[in-house]
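Data block below; observations after.
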Amino acid sequence: MHDHDRHDAPHERHDAPEGGRRAEGGTGRPPGADTALGGMRVVDLTQVMAGPFCTMILADLGADVIKVENPGGGDQTRHSWGETGEGRDSTAFFALNRNKRSVCLDLKSEQGRADLRELARTADVLVHNWRPGVAERLGADYASLSALNPGLVYACISGFGTSGPYADRPGYDLIAQGMTGAMSVTGEPGGRPVKNGLPVGDLGAGLLLASGILAACLHRLRTGQGQRVETSLYEAVLAMSVWESTEYWATGEPPRPLGSANRMSAPYQALRTRDGYLTVGANNQRLWQGLCRALGLGHLAEDPRFATNMDRMRNRDELAALLEERLTEDDTGTWVDTLLAAGVPAGPILDYAQVLESDPHVRARGLVREVDHPVAGRVKVLASPLTLTGSPATIRRHPPLIGEHTAEVLAELRAAREADPADPVAPAGSAGRPDPADPADPGHRADPGGPRDGAGGRDGAGHEGEAGA
(Lines give C-alpha, C1' and ligand atoms only; values in the text may rest on other atoms or scores of the structure.)
Protein backbone atom coordinates (compact mmCIF):
# COMPACT_ATOMS: atom_id res chain seq x y z
CA MET A 1 0.00 0.00 0.00
CA HIS A 2 1.33 3.45 -0.90
CA ASP A 3 1.68 5.90 1.98
CA HIS A 4 -0.80 8.24 0.33
CA ASP A 5 -3.42 5.53 0.38
CA ARG A 6 -3.57 5.81 4.16
CA HIS A 7 -5.14 9.25 4.09
CA ASP A 8 -8.39 10.58 2.73
CA ALA A 9 -8.27 13.15 -0.04
CA PRO A 10 -8.84 16.67 1.31
CA HIS A 11 -12.22 16.92 -0.40
CA GLU A 12 -13.47 13.42 0.33
CA ARG A 13 -14.75 11.61 3.40
CA HIS A 14 -15.91 8.03 3.64
CA ASP A 15 -16.91 5.42 6.14
CA ALA A 16 -14.37 2.71 5.33
CA PRO A 17 -12.22 1.47 8.22
CA GLU A 18 -8.49 0.92 7.76
CA GLY A 19 -8.10 -1.66 5.00
CA GLY A 20 -11.07 -0.37 2.95
CA ARG A 21 -10.75 1.61 -0.28
CA ARG A 22 -8.68 4.73 0.18
CA ALA A 23 -8.64 7.98 -1.72
CA GLU A 24 -5.56 9.74 -3.00
CA GLY A 25 -4.33 12.82 -1.22
CA GLY A 26 -1.55 14.61 0.62
CA THR A 27 1.34 13.72 -1.71
CA GLY A 28 1.69 16.60 -4.10
CA ARG A 29 1.26 14.23 -7.02
CA PRO A 30 -1.11 15.28 -9.83
CA PRO A 31 -4.61 13.81 -9.54
CA GLY A 32 -4.66 10.23 -10.82
CA ALA A 33 -0.87 9.82 -10.85
CA ASP A 34 -0.88 6.40 -9.19
CA THR A 35 -4.11 5.11 -10.73
CA ALA A 36 -4.59 2.52 -13.45
CA LEU A 37 -5.53 5.06 -16.14
CA GLY A 38 -3.43 7.99 -14.95
CA GLY A 39 -2.26 10.01 -17.98
CA MET A 40 -5.25 9.03 -20.15
CA ARG A 41 -7.28 11.97 -21.45
CA VAL A 42 -10.95 11.41 -22.24
CA VAL A 43 -13.14 13.99 -23.97
CA ASP A 44 -16.68 13.38 -22.71
CA LEU A 45 -19.48 14.78 -24.89
CA THR A 46 -22.22 12.75 -23.21
CA GLN A 47 -24.93 13.58 -20.73
CA VAL A 48 -27.66 12.05 -18.56
CA MET A 49 -26.78 8.42 -17.65
CA ALA A 50 -25.32 5.86 -20.05
CA GLY A 51 -22.42 7.97 -21.33
CA PRO A 52 -21.61 9.70 -18.02
CA PHE A 53 -21.63 6.31 -16.26
CA CYS A 54 -19.11 5.01 -18.80
CA THR A 55 -16.81 8.01 -18.44
CA MET A 56 -17.12 8.00 -14.62
CA ILE A 57 -15.81 4.42 -14.61
CA LEU A 58 -12.76 5.65 -16.54
CA ALA A 59 -12.44 8.72 -14.30
CA ASP A 60 -12.54 6.65 -11.11
CA LEU A 61 -9.68 4.59 -12.55
CA GLY A 62 -7.62 7.73 -13.02
CA ALA A 63 -8.42 9.08 -16.48
CA ASP A 64 -8.54 12.86 -16.94
CA VAL A 65 -12.14 13.16 -18.13
CA ILE A 66 -12.99 16.52 -19.66
CA LYS A 67 -16.76 16.94 -19.76
CA VAL A 68 -17.73 19.23 -22.64
CA GLU A 69 -21.01 21.05 -21.97
CA ASN A 70 -23.21 23.62 -23.66
CA PRO A 71 -22.88 27.01 -21.94
CA GLY A 72 -26.66 27.42 -22.04
CA GLY A 73 -27.29 24.87 -19.30
CA GLY A 74 -24.93 21.92 -19.61
CA ASP A 75 -25.81 18.32 -18.92
CA GLN A 76 -29.59 18.25 -18.53
CA THR A 77 -29.19 16.05 -15.46
CA ARG A 78 -27.84 19.10 -13.64
CA HIS A 79 -31.44 20.33 -13.50
CA SER A 80 -33.40 17.14 -12.92
CA TRP A 81 -34.87 15.90 -9.64
CA GLY A 82 -32.94 16.22 -6.41
CA GLU A 83 -31.74 19.82 -6.65
CA THR A 84 -29.55 20.99 -3.80
CA GLY A 85 -30.69 23.48 -1.21
CA GLU A 86 -28.76 26.13 -3.13
CA GLY A 87 -30.91 25.45 -6.19
CA ARG A 88 -27.91 24.56 -8.34
CA ASP A 89 -26.90 21.15 -9.66
CA SER A 90 -28.97 18.12 -8.81
CA THR A 91 -27.90 15.14 -6.79
CA ALA A 92 -28.60 13.03 -9.87
CA PHE A 93 -25.77 14.88 -11.62
CA PHE A 94 -23.48 14.34 -8.62
CA ALA A 95 -24.06 10.58 -8.84
CA LEU A 96 -22.50 10.26 -12.31
CA ASN A 97 -19.95 13.04 -12.70
CA ARG A 98 -17.31 12.99 -10.00
CA ASN A 99 -13.64 13.04 -10.99
CA LYS A 100 -14.38 15.08 -14.14
CA ARG A 101 -13.45 18.56 -15.31
CA SER A 102 -16.16 20.67 -16.96
CA VAL A 103 -15.50 22.79 -20.04
CA CYS A 104 -18.14 24.88 -21.79
CA LEU A 105 -17.91 25.02 -25.59
CA ASP A 106 -20.51 26.46 -27.92
CA LEU A 107 -20.42 23.93 -30.75
CA LYS A 108 -22.73 26.14 -32.82
CA SER A 109 -19.76 28.46 -33.27
CA GLU A 110 -16.66 27.85 -35.38
CA GLN A 111 -14.48 28.71 -32.40
CA GLY A 112 -16.20 26.12 -30.23
CA ARG A 113 -15.79 23.47 -32.91
CA ALA A 114 -12.12 24.44 -33.29
CA ASP A 115 -11.63 24.05 -29.55
CA LEU A 116 -13.26 20.63 -29.72
CA ARG A 117 -10.90 19.59 -32.52
CA GLU A 118 -7.99 20.76 -30.41
CA LEU A 119 -9.24 18.69 -27.50
CA ALA A 120 -9.63 15.65 -29.74
CA ARG A 121 -6.10 16.10 -31.05
CA THR A 122 -4.72 15.82 -27.50
CA ALA A 123 -7.08 13.06 -26.34
CA ASP A 124 -6.72 9.31 -26.00
CA VAL A 125 -10.48 8.73 -26.03
CA LEU A 126 -13.54 10.68 -27.14
CA VAL A 127 -17.05 9.59 -26.12
CA HIS A 128 -20.34 10.96 -27.42
CA ASN A 129 -24.01 10.03 -27.40
CA TRP A 130 -25.17 12.17 -30.30
CA ARG A 131 -27.86 10.95 -32.64
CA PRO A 132 -26.76 9.78 -36.11
CA GLY A 133 -25.62 12.65 -38.34
CA VAL A 134 -24.81 15.21 -35.62
CA ALA A 135 -21.10 14.37 -35.43
CA GLU A 136 -20.74 14.79 -39.20
CA ARG A 137 -22.54 18.13 -39.13
CA LEU A 138 -20.20 19.38 -36.40
CA GLY A 139 -17.09 18.07 -38.14
CA ALA A 140 -16.55 15.79 -35.15
CA ASP A 141 -17.09 12.42 -36.81
CA TYR A 142 -14.53 9.65 -36.58
CA ALA A 143 -13.11 10.21 -40.07
CA SER A 144 -12.48 13.91 -39.36
CA LEU A 145 -11.02 13.52 -35.88
CA SER A 146 -8.93 10.43 -36.59
CA ALA A 147 -7.27 12.38 -39.40
CA LEU A 148 -6.02 14.77 -36.71
CA ASN A 149 -5.27 12.02 -34.19
CA PRO A 150 -4.83 8.54 -35.71
CA GLY A 151 -4.56 6.98 -32.25
CA LEU A 152 -7.93 8.33 -31.07
CA VAL A 153 -10.35 5.80 -29.62
CA TYR A 154 -13.69 7.22 -30.73
CA ALA A 155 -16.60 5.78 -28.72
CA CYS A 156 -20.31 6.16 -29.43
CA ILE A 157 -23.32 5.20 -27.35
CA SER A 158 -26.83 5.44 -28.73
CA GLY A 159 -30.34 4.10 -28.38
CA PHE A 160 -30.22 1.51 -31.17
CA GLY A 161 -26.83 1.83 -32.87
CA THR A 162 -25.89 3.79 -35.96
CA SER A 163 -27.20 1.31 -38.54
CA GLY A 164 -30.32 -0.76 -39.00
CA PRO A 165 -33.99 0.24 -39.28
CA TYR A 166 -34.18 1.65 -35.73
CA ALA A 167 -31.02 3.79 -35.93
CA ASP A 168 -32.85 7.13 -36.13
CA ARG A 169 -35.33 6.37 -33.36
CA PRO A 170 -35.08 8.12 -29.98
CA GLY A 171 -33.99 5.61 -27.37
CA TYR A 172 -34.58 5.43 -23.65
CA ASP A 173 -33.86 2.64 -21.21
CA LEU A 174 -37.59 1.94 -20.94
CA ILE A 175 -37.94 1.66 -24.72
CA ALA A 176 -34.94 -0.66 -24.95
CA GLN A 177 -36.32 -2.92 -22.21
CA GLY A 178 -39.65 -3.14 -24.00
CA MET A 179 -38.30 -3.74 -27.50
CA THR A 180 -35.72 -6.39 -26.54
CA GLY A 181 -38.20 -8.66 -24.74
CA ALA A 182 -36.93 -7.82 -21.26
CA MET A 183 -40.27 -6.44 -20.09
CA SER A 184 -42.06 -9.54 -21.33
CA VAL A 185 -40.18 -11.65 -18.76
CA THR A 186 -40.23 -9.19 -15.84
CA GLY A 187 -42.89 -9.12 -13.13
CA GLU A 188 -45.37 -11.68 -11.89
CA PRO A 189 -47.12 -14.17 -14.19
CA GLY A 190 -50.32 -12.69 -15.60
CA GLY A 191 -49.46 -9.16 -14.49
CA ARG A 192 -48.97 -5.94 -16.40
CA PRO A 193 -45.60 -5.38 -18.14
CA VAL A 194 -42.95 -4.32 -15.64
CA LYS A 195 -39.54 -2.81 -16.34
CA ASN A 196 -36.50 -3.72 -14.32
CA GLY A 197 -36.24 -1.46 -11.28
CA LEU A 198 -32.68 -0.51 -12.26
CA PRO A 199 -31.92 1.13 -15.64
CA VAL A 200 -30.15 -1.93 -17.03
CA GLY A 201 -30.05 -0.54 -20.58
CA ASP A 202 -28.37 2.71 -19.60
CA LEU A 203 -25.96 1.24 -17.08
CA GLY A 204 -25.31 -1.89 -19.11
CA ALA A 205 -24.45 0.15 -22.21
CA GLY A 206 -22.12 2.32 -20.13
CA LEU A 207 -20.33 -0.73 -18.73
CA LEU A 208 -20.01 -2.33 -22.16
CA LEU A 209 -18.69 0.84 -23.75
CA ALA A 210 -16.07 1.23 -21.01
CA SER A 211 -14.93 -2.34 -21.70
CA GLY A 212 -14.79 -1.65 -25.43
CA ILE A 213 -12.79 1.54 -24.88
CA LEU A 214 -10.20 -0.25 -22.75
CA ALA A 215 -9.95 -3.07 -25.31
CA ALA A 216 -9.38 -0.49 -28.07
CA CYS A 217 -6.69 1.19 -25.96
CA LEU A 218 -4.87 -2.15 -25.60
CA HIS A 219 -5.13 -2.63 -29.36
CA ARG A 220 -3.59 0.82 -29.82
CA LEU A 221 -0.64 -0.15 -27.62
CA ARG A 222 0.12 -2.97 -30.07
CA THR A 223 -0.62 -1.16 -33.33
CA GLY A 224 -0.50 2.58 -32.67
CA GLN A 225 -3.94 2.90 -34.25
CA GLY A 226 -7.19 4.04 -32.71
CA GLN A 227 -10.59 2.85 -33.81
CA ARG A 228 -14.30 3.49 -33.52
CA VAL A 229 -16.15 1.70 -30.68
CA GLU A 230 -19.94 1.55 -30.53
CA THR A 231 -22.72 0.09 -28.44
CA SER A 232 -26.35 0.93 -27.68
CA LEU A 233 -29.00 0.58 -25.02
CA TYR A 234 -30.85 -1.89 -27.23
CA GLU A 235 -27.83 -4.14 -27.70
CA ALA A 236 -26.90 -3.95 -24.02
CA VAL A 237 -30.28 -5.23 -22.84
CA LEU A 238 -30.44 -7.92 -25.51
CA ALA A 239 -26.93 -9.07 -24.61
CA MET A 240 -28.09 -9.64 -21.03
CA SER A 241 -30.90 -11.93 -22.20
CA VAL A 242 -28.71 -15.00 -21.81
CA TRP A 243 -31.16 -17.43 -20.21
CA GLU A 244 -34.18 -16.07 -22.05
CA SER A 245 -32.68 -16.47 -25.51
CA THR A 246 -31.44 -19.94 -24.54
CA GLU A 247 -34.91 -20.96 -23.40
CA TYR A 248 -36.52 -19.74 -26.59
CA TRP A 249 -34.03 -21.49 -28.87
CA ALA A 250 -34.34 -24.70 -26.85
CA THR A 251 -38.15 -24.81 -26.66
CA GLY A 252 -39.45 -22.63 -29.47
CA GLU A 253 -41.71 -20.91 -26.95
CA PRO A 254 -41.22 -17.30 -25.78
CA PRO A 255 -40.21 -17.13 -22.10
CA ARG A 256 -42.78 -15.76 -19.66
CA PRO A 257 -42.38 -13.78 -16.43
CA LEU A 258 -41.60 -15.80 -13.30
CA GLY A 259 -41.57 -13.13 -10.63
CA SER A 260 -38.40 -13.59 -8.59
CA ALA A 261 -37.90 -17.20 -9.71
CA ASN A 262 -35.10 -18.47 -11.93
CA ARG A 263 -35.45 -20.03 -15.39
CA MET A 264 -32.81 -22.68 -14.82
CA SER A 265 -33.30 -23.90 -11.26
CA ALA A 266 -35.69 -24.18 -8.32
CA PRO A 267 -36.07 -23.19 -5.58
CA TYR A 268 -34.25 -19.98 -6.42
CA GLN A 269 -36.56 -17.10 -5.53
CA ALA A 270 -38.07 -14.87 -2.88
CA LEU A 271 -40.23 -16.66 -0.31
CA ARG A 272 -42.54 -15.29 2.35
CA THR A 273 -41.64 -15.47 6.07
CA ARG A 274 -43.58 -14.45 9.15
CA ASP A 275 -42.43 -10.82 8.94
CA GLY A 276 -41.49 -10.33 5.30
CA TYR A 277 -39.51 -12.15 2.62
CA LEU A 278 -36.15 -13.80 2.14
CA THR A 279 -34.32 -15.09 -0.92
CA VAL A 280 -33.11 -18.68 -1.24
CA GLY A 281 -30.68 -20.03 -3.81
CA ALA A 282 -30.89 -23.84 -3.63
CA ASN A 283 -29.89 -24.28 -7.25
CA ASN A 284 -28.35 -27.74 -7.15
CA GLN A 285 -29.14 -31.11 -5.61
CA ARG A 286 -26.82 -30.71 -2.64
CA LEU A 287 -28.25 -27.32 -1.70
CA TRP A 288 -31.80 -28.55 -2.21
CA GLN A 289 -31.24 -31.38 0.25
CA GLY A 290 -29.53 -28.99 2.67
CA LEU A 291 -32.51 -26.64 2.48
CA CYS A 292 -34.91 -29.48 3.29
CA ARG A 293 -32.85 -30.51 6.31
CA ALA A 294 -32.47 -26.93 7.59
CA LEU A 295 -36.23 -26.35 7.39
CA GLY A 296 -37.09 -29.71 8.93
CA LEU A 297 -38.75 -30.77 5.69
CA GLY A 298 -36.72 -33.88 4.94
CA HIS A 299 -39.73 -35.59 3.41
CA LEU A 300 -39.72 -33.08 0.52
CA ALA A 301 -36.27 -34.30 -0.52
CA GLU A 302 -37.83 -37.74 -1.05
CA ASP A 303 -40.98 -36.47 -2.77
CA PRO A 304 -40.98 -37.56 -6.46
CA ARG A 305 -42.53 -34.21 -7.44
CA PHE A 306 -39.26 -32.54 -6.40
CA ALA A 307 -36.71 -35.28 -7.03
CA THR A 308 -34.66 -33.45 -9.67
CA ASN A 309 -34.17 -29.86 -10.65
CA MET A 310 -36.42 -30.36 -13.69
CA ASP A 311 -39.11 -31.79 -11.41
CA ARG A 312 -38.82 -28.83 -9.06
CA MET A 313 -39.02 -26.35 -11.94
CA ARG A 314 -42.08 -28.13 -13.33
CA ASN A 315 -43.77 -27.95 -9.89
CA ARG A 316 -42.31 -24.61 -8.82
CA ASP A 317 -45.54 -23.04 -7.58
CA GLU A 318 -46.50 -26.06 -5.50
CA LEU A 319 -42.99 -26.24 -4.05
CA ALA A 320 -42.96 -22.54 -3.12
CA ALA A 321 -46.30 -22.91 -1.32
CA LEU A 322 -44.97 -25.83 0.77
CA LEU A 323 -41.77 -23.97 1.66
CA GLU A 324 -43.66 -20.82 2.63
CA GLU A 325 -45.98 -22.84 4.85
CA ARG A 326 -42.91 -23.62 6.94
CA LEU A 327 -41.09 -20.29 6.56
CA THR A 328 -44.07 -18.25 7.79
CA GLU A 329 -43.65 -19.91 11.19
CA ASP A 330 -40.65 -17.67 11.99
CA ASP A 331 -39.03 -14.34 11.13
CA THR A 332 -36.73 -13.53 8.23
CA GLY A 333 -33.64 -12.96 10.36
CA THR A 334 -33.98 -16.29 12.13
CA TRP A 335 -34.39 -18.21 8.89
CA VAL A 336 -31.49 -16.46 7.19
CA ASP A 337 -29.21 -17.36 10.10
CA THR A 338 -30.47 -20.96 10.07
CA LEU A 339 -29.98 -21.40 6.35
CA LEU A 340 -26.55 -19.80 6.24
CA ALA A 341 -25.43 -21.99 9.12
CA ALA A 342 -26.52 -24.99 7.04
CA GLY A 343 -24.56 -23.74 4.03
CA VAL A 344 -27.64 -22.76 2.03
CA PRO A 345 -27.38 -19.36 0.24
CA ALA A 346 -30.03 -17.02 1.65
CA GLY A 347 -30.54 -13.35 2.39
CA PRO A 348 -33.11 -10.77 3.47
CA ILE A 349 -34.76 -8.34 1.06
CA LEU A 350 -33.72 -4.86 2.15
CA ASP A 351 -34.79 -1.40 1.06
CA TYR A 352 -32.28 1.32 0.20
CA ALA A 353 -32.55 3.02 3.56
CA GLN A 354 -31.44 -0.23 5.22
CA VAL A 355 -28.67 -0.76 2.70
CA LEU A 356 -27.22 2.76 2.59
CA GLU A 357 -27.65 3.77 6.23
CA SER A 358 -27.07 0.70 8.34
CA ASP A 359 -25.75 -2.27 6.41
CA PRO A 360 -22.44 -3.39 8.00
CA HIS A 361 -21.08 -4.79 4.75
CA VAL A 362 -21.57 -1.49 2.92
CA ARG A 363 -19.65 0.23 5.70
CA ALA A 364 -16.89 -2.36 5.87
CA ARG A 365 -16.30 -2.21 2.11
CA GLY A 366 -16.39 1.61 2.02
CA LEU A 367 -19.16 1.68 -0.57
CA VAL A 368 -20.61 5.06 0.42
CA ARG A 369 -18.48 8.20 0.29
CA GLU A 370 -18.92 11.87 1.09
CA VAL A 371 -17.38 14.47 -1.21
CA ASP A 372 -16.97 18.17 -0.44
CA HIS A 373 -18.78 20.21 -3.10
CA PRO A 374 -18.19 24.00 -3.35
CA VAL A 375 -21.92 24.81 -3.48
CA ALA A 376 -23.80 21.82 -2.06
CA GLY A 377 -21.42 21.06 0.81
CA ARG A 378 -20.97 17.40 1.70
CA VAL A 379 -22.51 15.13 -0.93
CA LYS A 380 -22.93 11.37 -0.59
CA VAL A 381 -22.03 9.20 -3.58
CA LEU A 382 -21.50 5.50 -4.20
CA ALA A 383 -17.87 4.43 -4.33
CA SER A 384 -16.35 2.60 -7.26
CA PRO A 385 -17.12 -1.13 -6.94
CA LEU A 386 -13.64 -1.96 -8.27
CA THR A 387 -10.75 -2.88 -5.97
CA LEU A 388 -7.30 -2.76 -7.57
CA THR A 389 -4.50 -3.49 -5.13
CA GLY A 390 -1.74 -1.70 -7.03
CA SER A 391 -3.64 1.19 -8.65
CA PRO A 392 -6.85 1.76 -6.71
CA ALA A 393 -9.91 3.57 -7.95
CA THR A 394 -10.12 6.94 -6.21
CA ILE A 395 -12.35 9.96 -5.79
CA ARG A 396 -10.12 12.95 -6.52
CA ARG A 397 -12.52 15.67 -7.66
CA HIS A 398 -16.01 16.83 -6.74
CA PRO A 399 -18.67 16.77 -9.47
CA PRO A 400 -17.77 19.94 -11.38
CA LEU A 401 -19.66 23.19 -11.60
CA ILE A 402 -20.61 23.96 -15.16
CA GLY A 403 -17.59 25.42 -16.95
CA GLU A 404 -15.48 25.22 -13.78
CA HIS A 405 -12.35 24.17 -15.68
CA THR A 406 -12.83 25.93 -19.02
CA ALA A 407 -10.00 28.45 -18.58
CA GLU A 408 -7.70 25.80 -17.14
CA VAL A 409 -8.22 23.33 -19.99
CA LEU A 410 -8.00 25.94 -22.75
CA ALA A 411 -4.73 27.15 -21.24
CA GLU A 412 -3.43 23.58 -21.41
CA LEU A 413 -4.43 23.42 -25.08
CA ARG A 414 -2.65 26.69 -25.82
CA ALA A 415 0.47 25.39 -24.12
CA ALA A 416 0.31 22.16 -26.11
CA ARG A 417 -0.14 24.11 -29.35
CA GLU A 418 2.80 26.37 -28.55
CA ALA A 419 4.91 23.28 -27.99
CA ASP A 420 3.84 22.05 -31.46
CA PRO A 421 3.23 25.20 -33.55
CA ALA A 422 3.06 23.23 -36.80
CA ASP A 423 -0.19 21.57 -35.75
CA PRO A 424 -2.93 22.40 -38.28
CA VAL A 425 -5.82 22.65 -35.82
CA ALA A 426 -7.30 26.11 -35.43
CA PRO A 427 -6.19 27.87 -32.21
CA ALA A 428 -8.22 27.53 -29.06
CA GLY A 429 -9.86 30.72 -27.90
CA SER A 430 -12.75 32.17 -25.99
CA ALA A 431 -15.64 29.74 -25.80
CA GLY A 432 -19.02 30.96 -24.62
CA ARG A 433 -19.02 29.94 -20.99
CA PRO A 434 -20.16 31.09 -17.56
CA ASP A 435 -17.75 32.39 -14.97
CA PRO A 436 -16.88 29.32 -12.85
CA ALA A 437 -15.92 31.54 -9.94
CA ASP A 438 -19.46 32.85 -9.55
CA PRO A 439 -21.99 30.20 -8.42
CA ALA A 440 -24.76 32.72 -9.11
CA ASP A 441 -23.72 33.04 -12.77
CA PRO A 442 -26.65 32.25 -15.07
CA GLY A 443 -24.60 29.41 -16.52
CA HIS A 444 -25.24 27.51 -13.31
CA ARG A 445 -28.94 27.48 -13.90
CA ALA A 446 -31.12 25.63 -16.39
CA ASP A 447 -32.13 27.05 -19.73
CA PRO A 448 -35.89 26.40 -19.60
CA GLY A 449 -36.06 25.78 -23.33
CA GLY A 450 -32.99 23.59 -23.35
CA PRO A 451 -30.05 24.00 -25.71
CA ARG A 452 -30.77 23.28 -29.35
CA ASP A 453 -27.41 22.31 -30.74
CA GLY A 454 -23.85 21.53 -29.80
CA ALA A 455 -22.53 19.83 -26.70
CA GLY A 456 -25.28 19.09 -24.25
CA GLY A 457 -28.00 20.06 -26.72
CA ARG A 458 -30.89 18.13 -28.13
CA ASP A 459 -28.96 17.91 -31.38
CA GLY A 460 -25.65 17.49 -29.60
CA ALA A 461 -24.22 15.56 -26.69
CA GLY A 462 -26.80 13.64 -24.78
CA HIS A 463 -29.74 13.89 -27.14
CA GLU A 464 -32.06 11.48 -25.45
CA GLY A 465 -32.51 9.46 -28.59
CA GLU A 466 -29.06 8.16 -27.76
CA ALA A 467 -28.20 7.73 -24.15
CA GLY A 468 -31.47 7.16 -22.38
CA ALA A 469 -32.65 8.60 -19.10
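None of these values were measured; they are calculated from a predicted model.
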For this session: Could you tell me whether Arg414 and Glu118 have a side-chain N and a carboxylate O separated by less than 4.0 Å?
Result: no
For this session: Check whether the ring centres of Tyr154 and His128 lie less than 6.0 Å apart, and answer yes or no.
Result: yes
Exercise. Can you check side-chain contact (heavy atoms from CB on, under 4.5 Å) on Arg228 and Val153, steps first, answer last?
Worked result: CA-CA 6 Å; Arg228 190 175 181 278; Val153 172; over 6 Å; no
For this session: Could you please spell out the steps behind the side-chain contact (heavy atoms from CB on, under 4.5 Å) verdict for Lys100 and Thr55?
Result: CA-CA 9 Å; Lys100 302 178 185 181; Thr55 55; 2.8 Å; yes
Exercise. Do Arg113 side-chain atoms and Lys108 backbone N/O form a donor-acceptor pair below 3.5 Å?
Worked result: yes
Exercise. For Arg98 and Asp60, what are the C-alpha separation, side-chain angles and deciding distance, and is it a salt bridge (charged side-chain N to carboxylate O under 4.0 Å, His left out)?
Worked result: CA-CA 8 Å; Arg98 59 168 180 253; Asp60 285 352; 2.7 Å; yes
Problem set entry | Ion pair Arg41/Glu412, N-O distance below 4.0 Å | yes
Exercise. Is the side chain of Gln47 donor-acceptor paired with the backbone N or O of Gln76 at a distance under 3.5 Å, no angle test?
Worked result: yes
For this session: May I have the step-by-step check of salt bridge (charged side-chain N to carboxylate O under 4.0 Å, His left out) for Arg131 and Asp168, ending in yes or no?
Result: CA-CA 7 Å; Arg131 74 167 187 263; Asp168 290 329; over 6 Å; no
Exercise. Would you find a donor on one side and an acceptor on the other, under 3.5 Å apart, between the side chain of Asn149 and the backbone of Ala120?
Worked result: yes
Problem set entry | Pair Asp64 + Arg101: basic N to acidic O under 4.0 Å | yes
Problem set entry | Lys/Arg-Asp/Glu bridge criterion (N-O < 4.0 Å) met for Arg117, Glu110 | yes
Exercise. Which of parallel (below 30°), tilted (30 to 60°) and perpendicular (above 60°) describes Tyr234 and Tyr166?
Worked result: perpendicular
Problem set entry | Donor-acceptor contact below 3.5 Å, side chain Glu230 vs main chain Thr162 | yes
For this session: Decide side chain to side chain donor-acceptor pair (under 3.5 Å) for Ser102 and Glu404; before the verdict, give the C-alpha distance in whole Å, the side-chain angles of both, and the deciding distance to 0.1 Å.
Result: CA-CA 6 Å; Ser102 172; Glu404 181 177 352; over 6 Å; no
